[in-house]
Protein chains: 2
Amino acid sequence: MTVSRVLRNRGDVSAATREKVLTAAKTLGYVPNKIAGGLASQRVNLVAVVIPSLSNLVFPDVLGGISAELDDTGLQPVIGVTNYSPAREEMVLYEMLSWRPSGVILAGVEHSKASRAMLANAGIPVIEIMDIDGEAIDTLVGISHIRAGREMAARIVEAGYRRIGFVGTHMPEDHRARKRLVGFEEGLAEAGLQLEAREYYQGGSSLLKGRELTERILTRAPDLDFLYYSNDMIGAGGLLYCLEAGYEIPNRIGLAGFNGVDLLDGLPVRLTTTDARRVEIGRRAARLVAGKDAMPPDRLIALAPTFIPGDTIRAPAGSARN
Amino acid sequence: MTVSRVLRNRGDVSAATREKVLTAAKTLGYVPNKIAGGLASQRVNLVAVVIPSLSNLVFPDVLGGISAELDDTGLQPVIGVTNYSPAREEMVLYEMLSWRPSGVILAGVEHSKASRAMLANAGIPVIEIMDIDGEAIDTLVGISHIRAGREMAARIVEAGYRRIGFVGTHMPEDHRARKRLVGFEEGLAEAGLQLEAREYYQGGSSLLKGRELTERILTRAPDLDFLYYSNDMIGAGGLLYCLEAGYEIPNRIGLAGFNGVDLLDGLPVRLTTTDARRVEIGRRAARLVAGKDAMPPDRLIALAPTFIPGDTIRAPAGSARN
DNA sequence: TGTAAGTTAGTTATCACTAACAAGAGGAAC
DNA sequence: GTTCCTCTTGTTAGTGATAACTAACTTACA
């Protein structure tokens, strides 16, 4: 018992015995058994973090925000990856909840019925992140992707572009990309426009795919004057293609992506995009789980997607804006 | 007890009671408590995976390999991130070992004395990955970065370049980058050459940094005819700079990076690099931990770093090779 | 000197499971 | 009908820590 007190810094132990315990622990190489500890105390310092993918560039940023805020709380993130599969998400959640974490942070608002039930019954904070267009299980932290799409449409229209194409994933499970497109089309519709062409692809995003799809869509619809990409990676690929093909950017054609990944900062031309506030989302979610921030009364923390002009969109018509 | 048997698929239970248990569990939303289970059985289906960074592009690939192989084993990876800090690594390991995982996979061979002691005493498989230039705690799976650097030097010399510069991180804790440089200089020395210039940077790698450093080194030493970068990301930045600055590649100047990240595949010109065999390393490590492969008798699985010619190095002198 | 209060260390029961063994039911063999 | 076996289910005793309480020892002050 005294050992337990020393190693947890809880309760009063004389300096002498504390020292003895500590040296004994060190010489024996003793590592306390958190399994037993967790069972006895019914408290576990783990936070389950469930995301669709690690190779996406986007999620490492979120994780960075989470672990930065968790760092001084004694809580530890445990990462689970679903590969965008609801069935896998369900398995991962079951597995994680069986360790009785003290909170769950998971991406997206679309979950299987069983997953929702599990989470609702777990009796711990459940923070759904990235996306706020949907019904919360407990609390949402993120941006509206519908709004992000809509705002980008407004900017594009405002800048005078009229013949607009879209290039994006055809992943039925990438709900956020889908919502951006919905919002984008709504935004265009408000200006009396509609998409002139679309090009979809399967699988992961890469510069190469962005190139290929851009070539394809511009071959099919050569008079397009703007391309909206579902993320920065394929947008950057498209940008490289257009530069090489000699398109005058942003006058002959404009381009925009989504995410605001700073990895691509050194490209010859800065791609117009929307910052998805990834790090901030991670931070806020972690603060809630850690109890640093109070739960918002309306179960929602909505951040604003931030437009980043870059160099691939014209200044708005009739403005002197850079 | 019967419930336990049903949910673990262990021992004989009649189909009827199995069914009853299952439906009861489902209606109650019962999630077994792995904490208690682990304590009782002294077995835990977790594998600790400790890596320096998630934003590095490199480690997600390794994790992909690990989780692919662990997928059908019932084992679950638990990821810990050290930010290249030995002190943090020690903390993360302590934390993870206190959950009594059934194996540990960790990047690199450089660890604090305390970390090594903990791992050696844990009584579980410990696989150090990525780097094999060092002393194993238990088993190593990776490539020799010294060799990778040396081989790249040989290729560059063979292609006829003579005035060679290096651009890389100045992170004392990035041992693998350091070893590549050591090997590279050894390789040059064998040909009677030495580095004409070096440019170091701090912090993460990005295209932008690659650009800036390349400009700087070429300003300082304009007659360089080859640049070796410590990774593909800054190499790609350098490539973009050189293209814009109008250098004729690969004749006026050649470039090479390291890693073989396919993210950059769509660049205008393919960067010469070395494939670090990341996915394979993850797979092999996971297979060892899962017991799919027997532990190698010499405690070492050495993979060969693979030269990827790309477009930024000349064909070897006197060869008709592409 | 005695007693209350404050410190420090130790006891006991509990956490939710599983290993190992025990026991009951049913059937087959003799 | 008894014995033996198989199949299924139940019992008991840990598992290694912590919560909550108890005991011993000090100190302070009347």
Side-chain angles (χ1 to χ4, degrees), chain A residues 1-46 48 73-76 78 91 93-104 118 121-124, chain B residues 1-46 48 73-76 78 91 93-104 118 121-124:
Chain A
M1 193 61 225
T2 301
V3 171
S4 169
R5 278 195 269 257
V6 170
L7 294 179
R8 286 182 303 149
N9 269 323
R10 208 175 297 277
D12 295 322
V13 182
S14 71
T17 42
R18 147 169 269 104
E19 209 49 50
K20 270 201 288 185
V21 169
L22 251 26
T23 56
K26 181 146 284 180
T27 59
L28 293 173
Y30 172 76
V31 178
N33 186 331
K34 291 227 176 188
I35 299 179
L39 184 59
S41 66
Q42 307 287 7
R43 266 182 282 102
V44 165
N45 69 337
L46 301 176
T73 64
L75 291 172
Q76 258 236 327
V78 179
M91 283 176 45
L93 279 173
Y94 187 77
E95 190 72 20
M96 294 203 146
L97 289 179
S98 72
W99 287 100
R100 303 290 189 267
S102 48
V104 178
M118 262 191 283
N121 293 332
I124 53 177
Chain B
M1 194 59 225
T2 301
V3 171
S4 169
R5 277 194 269 256
V6 170
L7 295 178
R8 287 183 301 149
N9 268 323
R10 208 175 296 278
D12 294 323
V13 181
S14 72
T17 41
R18 148 170 268 104
E19 208 50 48
K20 270 200 288 187
V21 169
L22 252 26
T23 57
K26 180 146 283 180
T27 59
L28 293 173
Y30 173 74
V31 178
N33 187 330
K34 291 227 178 190
I35 299 179
L39 183 59
S41 68
Q42 306 287 18
R43 264 182 283 104
V44 165
N45 69 337
L46 301 175
T73 64
L75 291 172
Q76 260 235 328
V78 179
M91 283 177 43
L93 279 172
Y94 186 78
E95 189 73 19
M96 294 203 147
L97 289 179
S98 73
W99 288 100
R100 303 290 188 265
S102 47
V104 179
M118 263 192 281
N121 292 332
I124 53 178

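Naming: A, B, ... by sequence-line order, numbering from 1 per chain.
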**Asked** For nucleotides 6-16 of chain D, read 5' to 3', which letter fits each nucleotide if B means a protein heavy atom sits under 4.0 Å from the base, S means only the sugar-phosphate is that close, and - means neither?
**Response** --SBBB--BBB

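- Counting only residues at least two apart or on different chains, no salt bridge (Lys or Arg N to Asp or Glu O under 4.0 Å) pair has a member in residues 21-33 of chain B.
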Scan the side chains in residues 31-40 of chain A for donor-acceptor partners under 3.5 Å anywhere in the protein, sequence neighbours excluded, and list what turns up.
| from | atom 1 | to | atom 2 | distance (Å) |
| --- | --- | --- | --- | --- |
| Asn33(A) | OD1 | Ile35(A) | N | 2.8 |
| Asn33(A) | OD1 | Ala36(A) | N | 3.2 |
| Lys34(A) | NZ | Glu95(B) | OE2 | 2.9 |

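- Met91(B) CE to Leu93(B) CG: the interatomic distance, rounded to the nearest 0.5 Å, is 11.0 Å.
- Contact check for Val104(A) versus Ile124(A): side-chain heavy atoms found under the 4.5 Å cut-off.
- Separation of atoms CD (Gln42(B)) and CZ (Arg100(B)) is listed at 8.5 Å; rounding is to 0.5 Å.
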Which donor-acceptor pairs under 3.5 Å do the side chains of residues 7-16 of chain B make with protein atoms, sequence neighbours left out?
| from | atom 1 | to | atom 2 | distance (Å) |
| --- | --- | --- | --- | --- |
| Arg8(B) | NE | Ser4(B) | O | 3.4 |
| Arg8(B) | NE | Ser4(B) | OG | 3.2 |
| Arg8(B) | NH2 | Ser4(B) | OG | 3.1 |
| Asn9(B) | OD1 | Arg18(B) | NH2 | 2.8 |
| Ser14(B) | OG | Thr17(B) | N | 3.3 |
| Ser14(B) | OG | Thr17(B) | OG1 | 2.7 |

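- Look at NZ on Lys20(A): it is 11 Å from C1' on dA9(C), rounded to the nearest Å.
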Protein N or O to nucleotides 24-28 of chain D N or O, pairs below 3.5 Å:
none

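- Rounded to the nearest 0.5 Å, atoms CG (Leu75(A)) and OG (Ser102(A)) are 4.5 Å apart.
- Expressed to the nearest 0.5 Å, how far CE of Met118(A) lies from CE of Met96(A) amounts to 12.0 Å.
- For dA19(D), one of the phosphate oxygens OP1 or OP2 lies less than 4.0 angstrom from a side-chain nitrogen or oxygen of Arg8(A).
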